Trainee: 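I have a structure here, written as structure tokens, and I will follow up with some questions on it.
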Protein chains: 4
Amino acid sequence: MTDSTRVRARGADKRRRLTAAAAQVLHRQGVERTTIADIAKAAGVPVGNVYYYFKTKDELVQAALAEHEGSLAELTGALDRLPDPLDRLKGLVDAWVGRRDVAARYGCPTGTLAAELDKRADGVLDLEAGRVIRRLLDWVERQFRELGLPDAADHAVTLVAAYQGMSLLANALRDPEIMTSQGARLTRWLDSLTADGDAS
Amino acid sequence: MTDSTRVRARGADKRRRLTAAAAQVLHRQGVERTTIADIAKAAGVPVGNVYYYFKTKDELVQAALAEHEGSLAELTGALDRLPDPLDRLKGLVDAWVGRRDVAARYGCPTGTLAAELDKRADGVLDLEAGRVIRRLLDWVERQFRELGLPDAADHAVTLVAAYQGMSLLANALRDPEIMTSQGARLTRWLDSLTADGDAS
Amino acid sequence: MTDSTRVRARGADKRRRLTAAAAQVLHRQGVERTTIADIAKAAGVPVGNVYYYFKTKDELVQAALAEHEGSLAELTGALDRLPDPLDRLKGLVDAWVGRRDVAARYGCPTGTLAAELDKRADGVLDLEAGRVIRRLLDWVERQFRELGLPDAADHAVTLVAAYQGMSLLANALRDPEIMTSQGARLTRWLDSLTADGDAS
Amino acid sequence: MTDSTRVRARGADKRRRLTAAAAQVLHRQGVERTTIADIAKAAGVPVGNVYYYFKTKDELVQAALAEHEGSLAELTGALDRLPDPLDRLKGLVDAWVGRRDVAARYGCPTGTLAAELDKRADGVLDLEAGRVIRRLLDWVERQFRELGLPDAADHAVTLVAAYQGMSLLANALRDPEIMTSQGARLTRWLDSLTADGDAS
DNA sequence: AATGAATGAGTATTCATTCAT
DNA sequence: GATGAATGAATACTCATTCAT
């Protein structure tokens with residue numbers, strides 16, 4: 001490893017730490033209640049130095065959004081290795097249920113971020129958040145289509161909306177059990193869809 | 001009408017105007033991005049005077065929450081006059097769809113408020129928001145129970161979560177059409193539930 | 001004096017104090033080296049309160065500019081009461097010389113402000129500064145015209161430029177004597193202009 | 001050419017580039033609104049490296065001032081080759097008029113720098129700026145003396161002040177034409193001085 | 001000598017809340 | 001009760017300067 005590589009690695013590492021910290025802290029505290037100092041502290045970086053990597057707070061928010069988008073891509077990427085689209089969708093639901101405790105405490109990262117950013121008058125970041133959700137919708141729709149179902153787009157909206165809704169309820173009521181029971185319902189629904197046509 | 005009565009009436013009016021303004025502005029801009037001055041201006045009340053009616057900003061938020069709770073109570077109260085619980089639930093869905101434009105622009109008032117308040121470390125108002133949602137859940141559950149369905153509680157969670165989810169998606173994607181199509185789906189689902197048992 | 005008058009008077013007084021302080025401190029330290037805190041302290045006003053009267057630092061700069069414009073208007077207004085335009089112009093030169101010590105220490109308020117504001121990329125305030133100088137030019141030109149001189153506009157530029165130049169030199173060399181000697185020269189020049197036509 | 005020579009040459013080149021960049025950027029943006037990064041970028045030098053050549057920002061300002069002083073020396077040096085002092089002075093005026101567009105956009109480099117530096121509490125650099133202006137004054141005075149005129153010093157102040165004043169006005173009003181007309185006036189004045197004694 | 005990165009002090013601005021009348 | 005004004009703590013962002021390599 002050359003010197004310049006090491007330095008670049010250190011710089012990239014700090015940027016990654018800041019991004020990860022931003023993703024977590026912003027999810028937990030929300031955008032408006034999170035200060036740059038909060039993120040800096042969580043990342044172990046002096047405040048002034050944050051601005052070497054991100055010119056504005058909004059850029060940090062965007063990076064956090066991209067981080068969540070990356071997690072999602074990682075998940076769908078792994079699911080894509082399953083041969084059966086139905087298994088992929090059920091795997092997605094399982095993943096959601098697996099994160100029930102985080103959902104019950106802080107909600108869905110993308111969903112809560114989208115909701116908060118939508119309150120802004122200046123529409124830049126809110127479109128970003130919408131884009132991430134759209135990507136999830138697209139992936140889900142593709143699975144439904146591969147299953148040969150009509151109304152794949154509608155089904156996708158139904159599934160993702162169900163996820164956002166159950167996360168919000170679990171969060172508002174602080175009850176992870178909602179994730180479990182609704183997850184089970186979604187799994188049953190997916191099975192029914194493929195078993196004998198569209199029952200919804 | 002005595003003078004003091006008139007004054008009290010005027011005072012109550014100001015309080016009401018502040019509450020209504022808070023409900024609307026907080027819904028549109030979110031709690032953190034809304035200043036007391038914003039609400040005061042929307043209500044046509046001088047800033048300094050706000051504090052005569054509400055000791056803190058949090059009390060204004062609480063009042064806004066109560067206002068939304070009141071709207072909900074009004075709606076369910078009206079629906080309660082329908083003889084058939086199924087019609088009541090379908091009426092609820094219709095009401096949601098009827099507000100599709102507001103939902104697409106600002107999301108569900110209670111849901112977005114709950115999501116934002118849940119980010120707070122101090123758990124006072126977030127529980128309030130949860131309580132409002134809980135009341136809706138209870139009302140819905142009661143209808144399902146009156147319909148003689150098993151799993152009334154689960155069904156209630158399903159319906160309300162669907163509403164929250166579709167509102168969030170409609171908002172994030174700025175697409176009121178989502179409210180319409182998902183509303184239709186929910187109506188069909190309600191019909192199927194009562195027609196031939198549980199299809200979900 | 002009613003209560004509201006007194007309050008308004010107090011508010012107006014503070015605004016005036018802030019404006020006066022801004023005019024003085026900005027002249028002495030320049031725009032960029034002056035902090036809001038500097039002005040607040042000079043005016044005996046808590047920092048946070050400054051923003052009740054001026055929304056931004058730039059508004060304070062503008063107010064200071066207007067203050068200098070006001071001083072100028074006061075001076076020309078007084079000179080306007082002299083019957084002879086030549087006396088008015090000589091009175092103007094005398095006034096300049098009378099302020100030689102301030103000029104030697106801090107330069108001409110309007111001139112140095114204009115020079116500093118002209119460095120800005122965003123052209124808003126710099127035009128303001130130009131406007132103040134233009135007003136002086138116009139007044140001087142009017143006097144020359146009343147004297148029946150041709151090239152009144154050119155003469156005006158010559159006189160005002162001489163003032164700006166001698167102020168700058170006096171300031172750069174910290175030598176008030178320059179104001180005196182150049183003032184005498186300008187007086188002689190004015191006399192010669194009217195004695196036997198244009199000698200310049 | 002040995003390696004060390006080449007390196008020294010390269011180093012000297014960087015220093016020269018930095019100095020030139022500083023002279024230009026500081027003239028255009030002013031001292032306070034110019035960052036070290038601005039100058040570094042304009043010179044094509046990495047920020048961190050600037051400090052190898054200049055220990056502080058003030059040293060860069062001083063170098064810029066020296067650069068402007070050098071330009072002036074170059075100009076007067078060239079004019080010194082003219083046999084007639086009157087031609088030298090008229091050549092100086094011509095040079096000023098020749099730079100009318102820069103003057104109208106950014107003012108006289110030395111004059112604006114002097115005005116800005118004079119606002120500083122710590123008197124180090126402001127004296128420097130005064131010194132540069134003094135050198136110009138001395139050169140001009142020498143020409144007047146060679147012409148056999150009495151009051152050479154006063155004439156010098158008059159000429160240089162006129163230049164500073166017209167530059168400031170041209171800049172504040174964004175009007176290069178002022179340079180042209182005032183330049184013509186100065187040329188006439190110089191002619192009149194030598195033709196028939198002192199007309200000013 | 002060269003350079004990307006680090007540091008920390010400083011600055012404008014916002015805003016909930018309080019106060020004086 | 002009503003109201004303009006006051007207060008001060010907080011926060012995003014900048015930048016000269018230093019450091020590690």
Side-chain angles (χ1 to χ4, degrees), chain A residues 2-8 10-15 32-40 45-60, chain B residues 4 7-8 10-11 14-15 32-40 45-60, chain C residues 2-8 10-15 32-40 45-60, chain D residues 4 7-8 10-11 14-15 32-40 45-60:
Chain A
T2 68
D3 269 13
S4 81
T5 316
R6 199 174 304 126
V7 165
R8 213 177 314 124
R10 194 140 25 82
D13 175 54
K14 237 181 193 179
R15 177 173 251 278
E32 302 295 339
R33 294 185 82 88
T34 298
T35 70
I36 296 278
D38 288 339
I39 296 173
V45 168
V47 197
N49 198 14
V50 172
Y51 286 87
Y52 184 80
Y53 296 95
F54 299 93
K55 263 189 288 296
T56 61
K57 185 180 175 182
D58 272 11
E59 275 192 18
L60 263 171
Chain B
S4 79
V7 165
R8 213 175 313 122
R10 221 176 323 118
K14 256 190 189 174
R15 174 172 253 276
E32 302 296 337
R33 293 184 85 88
T34 298
T35 69
I36 296 278
D38 288 338
I39 297 173
V45 169
V47 204
N49 200 10
V50 172
Y51 282 84
Y52 181 77
Y53 297 95
F54 300 93
K55 263 191 288 296
T56 62
K57 184 180 179 182
D58 274 10
E59 277 191 17
L60 261 172
Chain C
T2 68
D3 271 13
S4 80
T5 314
R6 199 174 304 124
V7 164
R8 213 176 314 123
R10 193 140 25 83
D13 176 55
K14 235 180 193 180
R15 177 173 249 278
E32 303 295 337
R33 292 184 84 87
T34 298
T35 69
I36 296 278
D38 288 338
I39 297 172
V45 168
V47 198
N49 198 14
V50 172
Y51 285 86
Y52 185 80
Y53 296 94
F54 299 93
K55 263 190 286 297
T56 61
K57 183 180 176 182
D58 272 11
E59 275 192 19
L60 264 171
Chain D
S4 80
V7 164
R8 214 176 312 123
R10 222 177 320 121
K14 257 190 187 174
R15 175 173 252 277
E32 301 296 338
R33 292 184 85 88
T34 297
T35 69
I36 297 277
D38 287 338
I39 297 173
V45 169
V47 204
N49 200 12
V50 172
Y51 282 84
Y52 181 77
Y53 297 95
F54 300 93
K55 262 192 289 295
T56 63
K57 184 180 177 181
D58 273 9
E59 277 192 17
L60 262 173

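First the proteins, then the strands, lettered A, B, ... as listed; each starts at 1. Values in this document were obtained by computation on a predicted structure and should not be read as measured data.
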Trainee: According to side chain to side chain donor-acceptor pair (under 3.5 Å), who are the partners of A:T56, at least two apart in sequence or on a separate chain?
Mentor: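 Partners of A:T56 under the side chain to side chain donor-acceptor pair (under 3.5 Å) test: none.
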Trainee: Based on Watson-Crick and G-U pairs with both distances under 3.5 Å, what dot-bracket line describes DNA chain F 5' to 3', crossing pairs as [ ] and inter-strand pairs as |?
Mentor: .||||||||||||||||||||
Trainee: Closest heavy-atom contact between C:E32 and C:K57?
Mentor: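 Distance-wise, the nearest heavy atoms are O-NZ, 4.2 Å.
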Trainee: Can a side chain N or O of D:K14 be found less than 4.0 Å away from OP1 or OP2 on E:dA1?
Mentor: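 For E:dA1, OP1/OP2 do not have a side-chain N/O of D:K14 under 4.0 Å.
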Trainee: Give the rounded distance in Å between these two atoms: OH of C:Y53 and P of E:dA12.
Mentor: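 Value for this atom pair: 20 Å.
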Trainee: Output the single nucleotide from F:dA2, F:dA5, E:dG4 whose closest atom is nearest the side chain of C:Y52.
Mentor: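 Among the listed nucleotides, the one closest to the side chain of C:Y52 is F:dA5.
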Trainee: Got a list of protein N/O to nucleotides 14-17 of chain F N/O distances below 3.5 Å?
Mentor:
{"from": "F:dA16", "atom 1": "OP1", "to": "D:K57", "atom 2": "NZ", "distance (Å)": "3.3"}
{"from": "F:dA16", "atom 1": "OP2", "to": "D:I36", "atom 2": "N", "distance (Å)": "3.0"}
{"from": "F:dT17", "atom 1": "OP2", "to": "D:Y51", "atom 2": "OH", "distance (Å)": "3.4"}
{"from": "F:dT17", "atom 1": "OP2", "to": "D:K57", "atom 2": "N", "distance (Å)": "2.9"}

Trainee: Would you mind reading off the distance between D:F54 atom CZ and E:dA2 atom P, rounded to a whole angstrom?
Mentor: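 The distance from CZ of D:F54 to P of E:dA2 comes to 13 Å, rounded to the nearest Å.
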Trainee: To the nearest 0.5 Å, how far apart are CD1 in B:I36 and OH in B:Y51?
Mentor: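 Output value for this atom pair is 4.0 Å.
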Trainee: State, with a plain yes or no, whether a side-chain heavy atom of A:V50 is found less than 4.5 Å away from one of A:L60.
Mentor: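 Contact flag for A:V50/A:L60 side chains = yes.
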Trainee: Using the test side chain to side chain contact (heavy atoms under 4.5 Å, CB included), find all partners of B:N49 that sit at least two apart in sequence or belong to another chain.
Mentor: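 Per chain and number, B:N49 pairs via side chain to side chain contact (heavy atoms under 4.5 Å, CB included) with B:K14, B:V45, B:P46, B:Y52, B:Y53.
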Trainee: What residues form a side chain to side chain donor-acceptor pair (under 3.5 Å) with B:E59, not counting sequence neighbours?
Mentor: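 Listed in chain order: nothing, the list is empty.
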Trainee: Using whole Å, what does the distance between atom C1' of nucleotide F:dA10 and atom CG of A:D38 come to?
Mentor: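 In whole Å, F:dA10 C1' lies 12 Å from A:D38 CG.
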